[in-house]
Amino acid sequence: MPALTEREKLTVRFGVVAVVVYLACFYGLRGWKAIEEYRTDYQTLVRQAGDLKIELQRHENKILLTEKLKKETGIDPEKLARATVVGQASAAIQQAAQRGGIKLGPIRESPGNRSGRELASMQLDATGPVAAITSLLHQLETTGFPLIVDSIQIDPDPRGPGMVKLTLRIVILDHDLWKQPEGRRNA
């Protein structure tokens, strides 16, 4: 084979460089796109994992809160019998009032509106110091029963300063209907 001249060597070098640059651009662009696709897929997975972690934390918090309420109230919502919920809720409200030093008046119970998912409604009258009344209102949400305070009427009590008369209407919800999945509820 004859020896290449300097001019031919230079032409071969430029040709090799041109082919390398062409291949680098053509396959490099494909490789870059593939790497970018893998990177976005990875970022999507990381984001989904973070969302799942947050959702798991929410469920763990709900479980801890439920366990705390079970310990505080001594009531397990899974074991509540439908027939005795109204009586147990009434007893829990009366105990909370007595612990606060509130004098209870008459308690009137009436059947609830079935279409509104109510078991019963209660109207009670109470008399006591302002601090005890506000404490009772706060304790109603920690009784462990599905209660809604429908109406409140607070009037001054003429028996003494700092005493108020409270009239409450409380609705006791049917927990069996409220814990069903959204799609299975019948309106």
Side-chain angles (χ1 to χ4, degrees), residues 1-86 88-89 92-93 96 112-121 131 134-152 169-187:
M1 184 158 150
L4 297 174
T5 64
E6 279 302 313
R7 186 169 172 88
E8 290 171 339
K9 287 180 184 178
L10 189 61
T11 303
V12 169
R13 285 184 191 140
F14 279 131
V16 168
V17 168
V19 168
V20 168
V21 167
Y22 171 76
L23 291 175
C25 288
F26 183 71
Y27 288 108
L29 188 58
R30 280 189 179 173
W32 184 264
K33 285 181 181 178
I35 290 172
E36 184 64 26
E37 187 176 321
Y38 289 133
R39 187 184 67 81
T40 53
D41 288 345
Y42 177 74
Q43 286 179 341
T44 303
L45 286 175
V46 167
R47 216 174 301 119
Q48 288 174 348
D51 292 345
L52 287 174
K53 185 176 180 181
I54 290 170
E55 189 67 27
L56 180 65
Q57 189 66 33
R58 284 185 191 145
H59 286 293
E60 287 175 354
N61 289 343
K62 285 181 183 179
I63 290 169
L64 290 174
L65 180 61
T66 303
E67 291 297 321
K68 178 183 173 191
L69 286 174
K70 282 181 183 180
K71 286 179 185 176
E72 286 179 357
T73 61
I75 297 172
D76 187 3
E78 296 295 323
K79 294 180 182 177
L80 287 177
R82 183 184 171 112
T84 61
V85 168
V86 176
Q88 291 174 349
I93 293 169
N113 180 2
R114 295 300 301 160
S115 65
R117 304 192 189 300
E118 301 172 1
L119 280 179
S121 64
T134 56
S135 174
L136 172 66
L137 292 174
H138 174 69
Q139 289 177 9
L140 286 177
E141 61 186 49
T142 60
T143 59
F145 294 95
L147 304 175
I148 294 178
V149 175
D150 190 37
S151 66
I152 298 176
R169 183 174 181 279
I170 300 171
V171 176
I172 302 171
L173 302 175
D174 186 355
H175 68 284
D176 288 334
L177 293 175
W178 282 98
K179 68 183 178 183
Q180 289 181 354
E182 190 67 33
R184 296 186 60 200
R185 288 186 184 165
N186 298 325

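Sequence positions, counted from 1, serve as the residue numbers for this chain.
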Novice: To the nearest 0.5 Å, what is the distance between CD1 (Ile170) and CD1 (Ile152)?
Specialist: 9.0 Å
Novice: What pair of heavy atoms forms the shortest contact from Leu136 to Ile93, and how long is it?
Specialist: CD1-O, 4.2 Å
Novice: With distance as the sole test, does Ser135 use its side chain to make a donor-acceptor pair with the main-chain N or O of Ala131 at under 3.5 Å?
Specialist: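 No; zero donor-acceptor contacts below 3.5 Å.
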Novice: Do the non-hydrogen side-chain atoms of Leu10 and Arg7 ever get within less than 4.5 Å of each other?
Specialist: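 No. Closest side-chain heavy atoms not under 4.5 Å.
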Novice: For a quick test of your reading: what N or O donor-acceptor pairs under 3.5 Å do the side chains of residues 13-36 make, sequence neighbours left out?
Specialist:
| unit_1 | atom_1 | unit_2 | atom_2 | d |
| --- | --- | --- | --- | --- |
| Glu36 | OE1 | Arg39 | NE | 3.4 |
| Glu36 | OE2 | Arg39 | NE | 3.4 |
| Glu36 | OE2 | Arg39 | NH2 | 2.4 |

Novice: Can you give me every donor-acceptor pair (side chain of residues 48-55, partner residue at least two apart or in another chain, under 3.5 Å) with its distance?
Specialist:
| unit_1 | atom_1 | unit_2 | atom_2 | d |
| --- | --- | --- | --- | --- |
| Glu55 | OE1 | Arg58 | NH1 | 3.3 |
| Glu55 | OE2 | His59 | NE2 | 3.3 |

Novice: Between Ala3 and Glu8, what is the shortest heavy-atom contact and its length?
Specialist: O-OE1, 4.4 Å
Novice: Hey, what do you get for CG (Leu65) to CD (Glu60), rounding to the nearest 0.5 Å?
Specialist: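 Reported value, rounded in 0.5 Å steps: 13.5 Å.
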